[in-house]
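Contents: one structure, followed by commentary.
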Amino acid sequence: MGFKISPQEIQHVAQLANLQISDKELKLYTKQIQDILGYVEQLDKVKVEGVEPTYQTLDGTTNVWREDEVKESLSQEEAVGQAEKTMDGYFITDSVFGKGKSTIRQLTEYKKVQESTKREIDGLNVVLTEVDVKGNIGLKDLFLTKGIRSTAGSNVLREYTPQYSSSVIKLLEKAGFATKYKLNCDAWAHGSSGENSDFGPVKNPWNLEFTPGGSSSGSAAAVAAGLVDFATGTDTGGSIRLPASFCGVVGLKPTYGAVSRYGIVAMASSLDSPGIIGRTVEEVEKVFGVMVGEDRRDATSKREGKRGIRRIRRTEEIKIGIPEEFFAEGLDSSVKKAVNGAIEELSKAGLEIKRLSLPHLKYALAVYYLIATTETASNLGRYDGIRYGQDRSFFGAEAKRRIMLGTFASSAGYSAKFFEKAARVRTLIIKDFNDAFKDVDVLIGPVSPTPPFKLGEKANDPLQMYLSDILTVPVNLAGLPGLALPCGFTKNNLPIGMQLIGPRWSENLLFDIGEKYQGLTNWHKERPRV
Amino acid sequence: MKIKLIPIIGLEVHVELKTNSKMFCGCKNDPFGASKPNIYTCPVCLGLPGALPVPNKKAIELTVKLGLGLGCEINRESRFDRKHYFYPDLPKGYQISQYEKPFASGGELKFRIQNSEFRIIRVRRVHLEEDTGKLLHRKIDGEEVSLIDFNRSGVPLAEIVTEPDIRSAQEAKETAKKIYQIVRALGVSDADMEKGSMRLEANISLSEIKEKGKRKKEKGELPDYKVEIKNINSFRFMERAINAEIERQEKILESGKKVQQQTFGWDTEKQELKPQRVKEEAADYRYFPEPDIPPIVLSDDWILKIKDQISKLPEEIYEGLIRTGIAAAAAKVIVGDRELAEKINGIIREIKEIGDIRDIGNWALHHQEMIKEKPVDELISLFKQGREGLVSDSGQLKRWVKEVVEDNVQAVNDYRKGKEAALMFLVGQAQRLAKGKADVSLVKDMLSSKLSSDL
């Protein structure tokens, strides 16, 4: 332990990442990144000789390609209309040969799409854009909506009006759903508390002093507060399950590849799973049925989602595994009690319970923060303010921190130690899950080691904040489905959630167990008093 | 000990592939034909938020074809990687390329310059990537700006990388020309250097050679630096640019200094090297596997299908003939006729004696029609008979046949009435005229076809 990194190295990393950072930021990031790297150094202990790295979880899918056919392009106006500076159909940027910034602004006038405005409801700060008051569904603002501002919770996109809509939105609209709100979230889906939104933190409807969990904070809070029936979310390391758990609602992180990612601002491409938050398992299942399916625009989306595992088994035949690592030291006693209560309930209902171990689970968070940040740093490379949006100085602190951490983890000389090593340990984590699913049908555990925490409590300690994801990230690394559902309350009346984890494409099984549980309990019927 | 410097040169050649649509989206692949900037763009090739790439199957086929044409092994498992750098013409902040697992690797180019020995330049790899947008540099209201057009962004681009086996500017030019010929013959790209659909880059360094008596011994390892020359758009300019760079490096090394790792462009107007203002401090592309695209696994059958589409390259056949010792004039005629070339190659494969092979060229020139008609094994025996002094020249044989037919009206009529033996009598008469040196089987064929056609 004790990985040392110098301010010079951080400066070099900032340059590689095309970020300008102040001296103050340099000092801060040097310390924080060193702390995080110190934590991930535990991977040094894992033996990975002969272990192949995992970069995708696609069940061995290969050769996804398209025929060589010309499709319609955007019009020139659509292509350049979101840029700040254009001329005669060209984008303009500072001369690549010159020094300094040009003062030239937009030379061609494009009609601006009318900007919807932020709307405050109940002091929750969930709504970024009101789309249609008669609508019934909320969208995390990572989902692009053609002609309607889509910000990803970041100032970089505060004025961005997308030229196209995400595939999922089209499916939902076709099925008769209408978008009511674009919802607040941690910028770029970076966060476990909602506090990283550049438009202010979302409040937990159960208690406004507490965080709603992140990063799909607005989605969970809006559903809990009854502002919408459902809301979409994205789950890269727990971003649907964690806020669902903190807000006392149901959240599904589908199998990686079950729902198209096309048109959803990417965080970490090999982990991102768009999903849904609702009040009951039954309702979530209904909307999931609309969202799921192969999309020819997303080469990693697959058809299996539609079929899933047939739901023909009687729940009495289901075997549930309890991984001891989910109940390790550091688990809050109220959480432990609530989840154990749920296990007992299911056991009484006739489900077989088996204790087991996933030995590499303890490395999942370190693996996650190396892979997710490397992919994030790459995915955020496109935001240069030339074609749309603001320039890179508009990134918030957390985005900059992750971009730099990921750039460092994949840079020359460090990639083998960090990024690649993480990809190999990822293989071992997947193997642990596969082994477990030979014995049991699903796994059960808490979503978060703690109940909701207070706003500001962890804001200055990124590592502590990252530890909130310790029980959710393993599912993303293995590309598995996870269903979070309420299972109790703290004595301060804050929700506690548990998660069901199944093999890939086992959503239907999770729904079966979840519905069974909600038929036996009333936790999901509790509503906050906002 | 005297120190001599020898150039170590490798080439990187980019060619834009001839597809209808772009590499990862359905936008039209026609950057040169576009009437306006930014009209062939979409979320994918503009790098809009949330857009995802889906590879173009045709572009993969063309890359595999190119790999095969360059004598490469096609890798059964390939994948795309992200190559990261920032430049305004690169919309995503990374280029989708191939790093560890390209489609093709380990090929070879073989050619000779005038009458020199054969040179073998190894091809390290052929990989597939996407092209960038195009920058234009303008002054607007007194300010220097760059204008960007993304019509070219995402056009499929194959990159051919040679090993540093090239030892002179002339050889570099020949290598590039050879690649050009193959690209054109395969039809994978227009390879128009003026438009930029084929672009040349050279990596140059100088290595010391120590003379030890008569034997030159090259130092095992390559120099620890290389200078890159980018944006070369003609073979001639490449030769000039490389010569200029060799001269520059020689001066530096002879004065005892070290050559800096550097990148130049070739200024076509001034005909000189100009330092590139690329701001990559130290190139660190942070390659990692493209998570948005599943791996590509090619079966033997799949590769075989591509192989079948490739007719052997004329240049390759020509070189093959020259290599076996056939005279240039004869080789040219043979290559000009596909059928003839295939037969001659078939014969060459069966004949072992070098002396024999040399004579095949001349023999082929005089028996073109016959060679195309007859099977290889028969041709071999005919050729061997010819070498033993038999006359098999069709012109001469025809004259004898004509004379025999005119002089032996009775026998001709007998044959036409069905008397088979009459034919052998006529063959004997021809052999008499030839003083026993006519190729009997050829004469027999000629007589029978003449007698049935003259009916």
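Naming: A, B, ... by sequence-line order, numbering from 1 per chain.
Near-neighbour residues of residues 92-105 of chain B relative to chain A, defined by a heavy atom under 4.5 Å from a heavy atom of that chain, comprise B:Lys92, B:Gly93, B:Tyr94.
Residue A:Glu69 touches chain B through its backbone alone, counting heavy-atom pairs closer than 4.5 Å. Within the 4.5 angstrom heavy-atom criterion, no atom of A:Ala423 approaches chain B. For B:Lys22, the part lying under 4.5 angstrom from a heavy atom of chain A is the backbone only. A:Glu420 does not touch chain B: none of its heavy atoms, backbone or side chain, sits under 4.5 Å away. Looking at A:Phe143, there are no atoms closer than 4.5 Å to chain B (heavy atoms on both sides), in backbone or side chain. In this structure, chain B has no heavy atom under 4.5 Å from any part of A:Ser150. When heavy atoms are compared at a cutoff of 4.5 Å, B:Cys25 approaches chain A solely by way of its backbone atoms N, CA, C and O. Heavy-atom distances place both the backbone and the side chain of A:Tyr262 under 4.5 Å from chain B. If you measure heavy-atom distances from B:Glu61 to chain A, you find no contacts under 4.5 Å at all. Heavy atoms closer than 4.5 Å to chain A are found in both the backbone and the side chain of B:Pro295. Interface remark: A:Ile264 contributes backbone atoms only to the contact with chain B (heavy atom separation under 4.5 Å). Contact annotation for B:Arg79: only side-chain heavy atoms (C-beta onward) come within less than 4.5 Å of a heavy atom of chain A. Looking at A:Arg297, only its backbone comes within 4.5 Å of chain B, counting heavy atoms on both sides. Proximity to chain B is absent for every atom of A:Tyr414, based on heavy atoms less than 4.5 angstrom apart.
In terms of heavy atoms, A:Tyr256 sits closest to B:Pro291 at OH-O, 4.2 Å. Scanning all heavy atoms of the two residues, the minimum distance from B:Ile293 to A:Gln56 falls at O-NE2, 2.9 Å. Between B:Arg82 and A:Asn379 the shortest heavy-atom distance is NH1-OD1, 2.9 Å. Pairing each heavy atom of B:Thr41 with each of A:Ser73, the nearest pair is O-CB, 3.2 Å. In plain terms, the two heavy atoms of B:Val54 and A:Ala299 that are nearest each other are CG2-N, 4.3 Å. Minimum heavy-atom separation, B:Leu48 to A:Leu74: CD1-CD1, 4.3 Å.
Within 6.0 Å of atom CD in B:Glu272, more than 12 heavy atoms from other residues, nucleotides or ligands are found, so the atom counts as buried in its surroundings. Enclosure of atom NZ in A:Lys400 by more than 12 non-hydrogen atoms of other residues, nucleotides or ligands within 6.0 angstrom is indicated. Atom NZ of A:Lys170 has more than 12 heavy atoms from other residues, nucleotides or ligands within 6.0 Å. In A:Gln20, the CD atom is not crowded: 12 or fewer heavy atoms of neighbouring residues, nucleotides or ligands sit closer than 6.0 Å.
Among the candidates B:Leu62, B:Asn56, B:Leu17, the single residue satisfying the side-chain contact (heavy atoms from CB on, under 4.5 Å) test with A:Asp68 is B:Asn56.
Interface remark: of the candidates A:Asp384, A:Leu157, A:Leu58, A:Thr374, A:Thr374 forms the most heavy-atom pairs closer than 4.5 Å to chain B. If you tally non-hydrogen atom pairs under 4.5 Å between each of A:Ser410, A:Gly389, A:Ala152 and chain B, the highest count goes to A:Ser410. With chain B as the partner, the residue from A:Gly413, A:Ala377, A:Ala79 showing the most heavy-atom pairs under 4.5 Å is A:Ala79. By number of non-hydrogen pairs under 4.5 angstrom with chain B, the leading residue of A:Leu142, A:Asp272, A:Asp298 is A:Asp298. Put simply, of A:Ala17, A:Ser378, A:Ser269, the one with the most heavy-atom pairs under 4.5 Å next to chain B is A:Ser378.
A donor-acceptor pair under 3.5 Å is formed between the side chain of B:Asn38 and the backbone N or O of A:Gly89. B:Asp284 contributes a side-chain N or O that, together with a main-chain N or O of A:Ala412, makes up a donor-acceptor pair within less than 3.5 Å. No donor-acceptor pair closer than 3.5 Å links the side chain of A:Tyr164 to the backbone N or O of B:Cys42. Here the side chain of A:Gln76 pairs a donor or acceptor atom with the backbone of B:Pro37 at under 3.5 angstrom.
Sorted by first then second residue, the ring-ring contact (aromatic ring centres under 6.0 Å, His included) pairs that include residues 134-159 of chain B, not counting sequence neighbours, are A:Phe91-B:Phe150, A:Phe97-B:His137.
One finds the CD atom of A:Glu67 at 10.0 Å from the NZ atom of B:Lys58 (value rounded to the nearest 0.5 Å).
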